Amino acid sequence: MRIAYVIVAIVSLFLGLSYYLGYTPPLIALLILCLSLVNYFYYAKDKKAALVGTWRVPEKTLQLLSLSGGWPGAFFAQQRLRHKTKKVSFRLVFWFTVLANVSGLVWLHSGSGQITMQCITRAVGNGADDYVASDSISATLIFLTALIDKR
């Protein structure tokens, strides 16, 4: 289980350093944290269901959560709960999701990744002003894009 702590620490250090250097917006780190917590919860729910013999969480759900950014929580849950560690096909897909996420973060640090991120944040901010009828939702979207665009 020590390796889980090391990997989570490395990812956290990488995201913190990336934010400090102005590459990664804090919203991405928050998104990864939230998805990791959700994924850990689903692994725990599936482990409990496996022990009791009730309805299980589909593997596709666990993999989709990992692919969407929750792989650190999934990895931590696999090590801590000793769940989903023996099925080779599941582990291969899981490591593919890790590779896809790390590749996405590396791309985000490239010039084209930075330009794409800036275009997306500006588009969301402009859309919030132009197309969202609710002032509170519009203000929330503008606040979130300001977090992303703060460099």
Side-chain angles (χ1 to χ4, degrees), residues 1-47 57-81 83-85 87-151:
M1 187 164 97
R2 176 175 260 191
I3 190 75
Y5 291 116
V6 171
I7 289 179
V8 169
I10 289 171
V11 169
S12 300
L13 181 65
F14 172 75
L15 284 172
L17 184 61
S18 177
Y19 170 70
Y20 179 75
L21 294 174
Y23 287 104
T24 305
L27 192 59
I28 289 180
L30 182 64
L31 180 68
I32 291 171
L33 175 67
C34 290
L35 288 169
S36 292
L37 291 172
V38 168
N39 211 356
Y40 186 90
F41 168 76
Y42 272 97
Y43 268 80
K45 181 179 177 180
D46 190 49
K47 174 71 173 189
V57 176
E59 286 185 355
K60 289 180 183 180
T61 301
L62 298 174
Q63 300 292 18
L64 185 61
L65 284 169
S66 294
L67 183 62
S68 64
W71 68 268
F75 183 74
F76 189 67
Q78 287 174 4
Q79 301 303 310
R80 176 125 175 127
L81 304 173
H83 191 54
K84 297 291 187 186
T85 57
K87 191 173 182 184
V88 176
S89 61
F90 184 87
R91 287 191 333 198
L92 285 173
V93 174
F94 170 74
W95 285 109
F96 173 76
T97 67
V98 172
L99 181 64
N101 273 271
V102 171
S103 299
L105 283 174
V106 168
W107 175 77
L108 182 63
H109 288 77
S110 70
S112 62
Q114 290 292 300
I115 292 169
T116 303
M117 181 62 73
Q118 289 171 356
C119 290
I120 289 171
T121 55
R122 287 189 187 116
V124 169
N126 291 339
D129 282 341
D130 298 340
Y131 300 108
V132 177
S134 169
D135 288 338
S136 62
I137 294 174
S138 178
T140 303
L141 287 173
I142 291 170
F143 172 73
L144 290 175
T145 55
L147 280 178
I148 292 172
D149 219 13
K150 191 170 189 163
R151 296 186 206 290

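None of the values given here were measured: they were computed from a predicted structure.
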A.B. asks: Without swapping roles, check the side chain of Ser36 against the backbone of Gly73 for a donor-acceptor pair under 3.5 Å.
C.D. replies: yes
A.B. asks: For Tyr40 and Leu81, work out which heavy atoms get closest and say how close.
C.D. replies: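 That would be OH-CD2, 3.8 Å.
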A.B. asks: Output the distance between atom CZ (Phe41) and atom CG (Leu65), rounded to the nearest 0.5 Å.
C.D. replies: 11.0 Å
A.B. asks: Pair Asn39, Trp71 - check side-chain contact (heavy atoms from CB on, under 4.5 Å), show working.
C.D. replies: CA-CA 8 Å; Asn39 211 356; Trp71 68 268; 5.8 Å; no
A.B. asks: Heavy-atom distance under 4.5 Å between the side chains of Gln79 and Phe75, does that happen here?
C.D. replies: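 With C-beta onward as the side chain, the pair touches.
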A.B. asks: Over all heavy atoms of both residues, which pair between Leu62 and Tyr42 is shortest? Give the atoms and the distance, please.
C.D. replies: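 So the minimum-distance heavy-atom pair works out to CD2-CB, 3.8 Å.
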A.B. asks: Ignoring hydrogens and angles, tell me if any N or O in the side chain of Asn101 forms a donor-acceptor pair with the backbone of Ser66 under 3.5 Å.
C.D. replies: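 Yes: the side chain of Asn101 pairs with the backbone of Ser66.
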A.B. asks: So for atom CZ, which belongs to Phe96, do other residues, nucleotides or ligands contribute more than 12 heavy atoms lying within a distance under 6.0 Å?
C.D. replies: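 Not more than 12 within 6.0 Å, no.
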A.B. asks: Taking all non-hydrogen atoms of both residues, which atom of Tyr43 and which atom of Gln78 are closest, and how far apart?
C.D. replies: OH-NE2, 3.1 Å
A.B. asks: Under the ring-ring contact (aromatic ring centres under 6.0 Å, His included) rule, collect the residues that match up with Phe94, sequence neighbours excluded.
C.D. replies: none
A.B. asks: To check you understand the geometry: which heavy-atom pair defines the closest contact between Leu35 and Ser68, and what is its length?
C.D. replies: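 Looking at all heavy atoms of both residues, the closest pair is CD1-O, 3.1 Å.
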A.B. asks: What closest approach, in Å, do Lys84 and Arg91 show between heavy atoms, and which atom pair accounts for it?
C.D. replies: O-CG, 3.9 Å
A.B. asks: Kindly check if the number of other-residue, nucleotide or ligand heavy atoms within 6.0 Å of CZ (Phe90) is above 12?
C.D. replies: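 It does: Phe90 CZ has more than 12 such atoms within range.
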A.B. asks: For the backbone of Val57 and the side chain of Asp46, can you confirm whether one donor and one acceptor N or O come within less than 3.5 Å of each other?
C.D. replies: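 Side chain of Asp46 to backbone of Val57: a pair is present.
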A.B. asks: If I take atom CG from residue Leu37 and atom CZ from residue Phe76, how far apart are they, to the nearest 0.5 angstrom?
C.D. replies: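 Here the rounded value is 10.5 Å.
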A.B. asks: Please name all residues satisfying side-chain contact (heavy atoms from CB on, under 4.5 Å) with Ser112, sequence neighbours left out, ordered by chain then number.
C.D. replies: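 Here the qualifying residues are Trp107, Ser110.
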A.B. asks: Search all heavy atoms of Thr97 against all heavy atoms of Gln63 and return the closest pair with its distance.
C.D. replies: CG2-O, 3.9 Å
